[in-house]
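Step one of this worksheet: look at the structure below.
What you see is a predicted model, and the numbers here were worked out from it, not measured in a lab.
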Amino acid sequence: RPDDPLALLVVGVVAWERGDQAAAIKTLEAIDKDDPEVGMLAMNTLGQWHILRGEWLEAEAILLKALKRSPNDLRSIRDMV
């Protein structure tokens with residue numbers, strides 16, 4: 001299914017690994033962040049990618065959103081530091 005959150009995550013990661021960062025970010029942004037299994041992973045991955053690209057405000061925004069959803073999420077806390 002083209003709207004399957006896990007499938008989108010895999011497609012995004014593959015795009016990133018192949019060097020197409022813009023497509024990777026766009027794909028992960030399309031994932032429903034409320035998805036119980038993939039939403040947090042997508043937000044954390046997006047945050048990490050924005051950090052790697054030096055996009056600090058974008059990284060902060062997505063990681064704060066992740067922390068708001070799950071205040072004890074260690075990955076989001078680690079990436080915010």
Side-chain angles (χ1 to χ4, degrees):
R1 283 186 357 211
D3 63 339
D4 181 304
L6 185 55
L8 287 171
L9 181 68
V10 171
V11 168
V13 169
V14 169
W16 182 270
E17 293 297 322
R18 290 186 173 175
D20 193 349
Q21 295 177 356
I25 289 172
K26 184 176 180 178
T27 302
L28 263 63
E29 286 174 342
I31 294 173
D32 178 4
K33 304 308 182 284
D34 291 327
D35 180 85
E37 295 181 21
V38 182
M40 285 297 291
L41 183 55
M43 286 190 283
N44 286 319
T45 302
L46 277 170
Q48 291 172 6
W49 288 352
H50 284 303
I51 289 169
L52 289 172
R53 290 168 50 112
E55 299 167 347
W56 312 115
L57 295 177
E58 292 86 347
E60 181 182 46
I62 194 75
L63 293 170
L64 285 174
K65 188 182 292 186
L67 282 172
K68 185 175 182 181
R69 179 172 166 202
S70 181
N72 295 321
D73 181 61
L74 296 179
R75 183 178 296 182
S76 297
I77 293 168
R78 179 199 68 209
D79 290 343
M80 285 295 293
V81 176

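The heavy-atom pair separating Arg69 from Asp34 by the smallest distance is NH2-O, 4.0 Å. Scanning all heavy atoms of the two residues, the minimum distance from Thr27 to Gly12 falls at CG2-N, 3.8 Å. Taking every heavy atom of both residues into account, Met43 and Ile62 meet most closely at O-CG1, 3.7 Å. Closest approach of Ile31 and Ala42 over heavy atoms only: CD1-CB, 3.9 Å.
Under the side-chain contact (heavy atoms from CB on, under 4.5 Å) rule, Val38 has a single partner from Leu8, Leu9, Asp32, which is Leu9.
A continuous path of Ile, Leu, Val, Met, Phe, Trp and Tyr side chains, each step under 4.5 Å between heavy atoms, connects Trp49 with Met40, placing both in one hydrophobic cluster. Both Leu41 and Leu52 are part of a single hydrophobic cluster, where members link through side-chain heavy atoms under 4.5 Å apart.
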### Task
With side chain to side chain contact (heavy atoms under 4.5 Å, CB included) as the test, would you mind laying out the steps for Leu28 and Trp16 before giving the verdict?
CA-CA 10 Å; Leu28 263 63; Trp16 182 270; over 6 Å; no

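For the atom pair NZ of Lys33 and NZ of Lys65, the computed distance is 7.0 Å after rounding to the nearest 0.5 Å. The CG atom of Leu63 sits 11.5 Å away from atom CH2 of Trp56, with the distance rounded to the nearest 0.5 Å. Note that CD1 of Ile25 and OG1 of Thr45 are 11.0 Å apart. Values are rounded to the nearest 0.5 Å. One distance of note links CG of Leu64 with NZ of Lys68; it measures 10.0 Å at 0.5 Å rounding.
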